[in-house]
Amino acid sequence: KAGVTQTPRYLIKTRGQQVTLSCSPISGHRSVSWYQQTPGQGLQFLFEYFSETQRNKGNFPGRFSGRQFSNSRSEMNVSTLELGDSALYLCASNPQTGYDGYTFGSGTRLTVV
Amino acid sequence: AQSVTQLDSHVSVSEGTPVLLRCNYSSSYSPSLFWYVQHPNKGLQLLLKYTSAATLVKGINGFEAEFKKSETSFHLTKPSAHMSDAAEYFCVVSVLYGNKLVFGAGTILRVKS
């Protein structure tokens with residue numbers, strides 16, 4: 001059974017640009033969540049999607065957005081990149097709710113220069 | 001609000017000696033608690049989970065944790081450390097009906113030969 005797949009693994013962007021990250025959940029998983037990991041702030045929740053609807057959202061500015069497609073694949077977009085957006089972005093999936101835990105992908109390392 | 005506090009930012013043990021990583025939680029009701037491990041430049045791997053079925057939870061790679069309601073603790077232990085256990089460990093609580101994870105700050109485990 002394939003795990004959670006995130007692409008690309010590494011990304012370098014310039015300030016002011018925008019970026020799109022992709023996540024393919026485990027087959028049959030309908031909930032996809034995104035987390036940002038930085039040395040200073042640790043792991044922070046961005047948003048969670050279920051059946052193409054954003055179910056929960058963290059405390060991030062509107063420059064951070066996401067969506068989920070009918071096959072449960074998800075994308076997150078960051079517009080007008082800032083240096084502080086440099087982070088490891090992790091995607092996680094579960095069948096419906098996270099009471100039994102989430103399965104995480106290996107992440108996308110975004111560097112903003 | 002539900003939260004977790006990891007009491008040690010760094011723990012150092014010798015190979016073959018016991019491991020203890022401490023976590024306290026704050027919750028107004030019975031929480032769902034997890035321990036995740038992250039090896040360098042990798043995603044997060046679920047070690048074990050507590051979802052009120054049993055207070056002593058066994059996980060992968062010989063790790064276990066005990067849920068103690070009276071002490072609001074969920075400490076992670078392993079009888080004998082292996083070099084491959086060197087990683088960062090996160091204590092996590094799920095909130096919002098299981099759809100959001102709140103992470104502790106992490107404990108970096110160092111294993112000396």
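A, B, ... follow the sequence lines: proteins, then strands. Residue 1 opens every chain.
- Across all their heavy atoms, Tyr89(A) and Gln6(A) have their closest contact at O-NE2, 3.0 Å.
- For the residue pair Ser51(A) / Arg30(A), a side-chain donor-acceptor distance below 3.5 Å is found, with atom types taken as modelled.
- Heavy atoms of Leu43(A) lying under 4.5 Å from chain B belong to its backbone as well as its side chain.
- Chosen from Gln45(B), Gln38(B), Lys42(B), the residue pairing most often with chain A at heavy-atom distances under 4.5 Å is Gln38(B).
- Counting only N and O atoms by type, the side chains of Thr20(A) and Asn77(A) include a donor and acceptor under 3.5 Å apart.
- In this model, no donor atom of one side chain and acceptor atom of the other lie less than 3.5 Å apart for Glu15(B) and Ser113(B).
- When heavy atoms are compared at a cutoff of 4.5 Å, Leu46(B) approaches chain A solely by way of its side chain, counted from C-beta outward.
- Per-residue counts of heavy-atom pairs under 4.5 Å with chain B were compared for Glu48(A), Arg9(A), Arg109(A); the largest is that of Glu48(A).
- For chain A, no part of Tyr50(B) is nearby; none of its heavy atoms comes within less than 4.5 Å.
- In this structure, chain B has no heavy atom under 4.5 Å from any part of Phe47(A).
- No donor-acceptor contact under 3.5 angstrom links the side chains of Gln68(A) and Ser74(A), judged on distance only.
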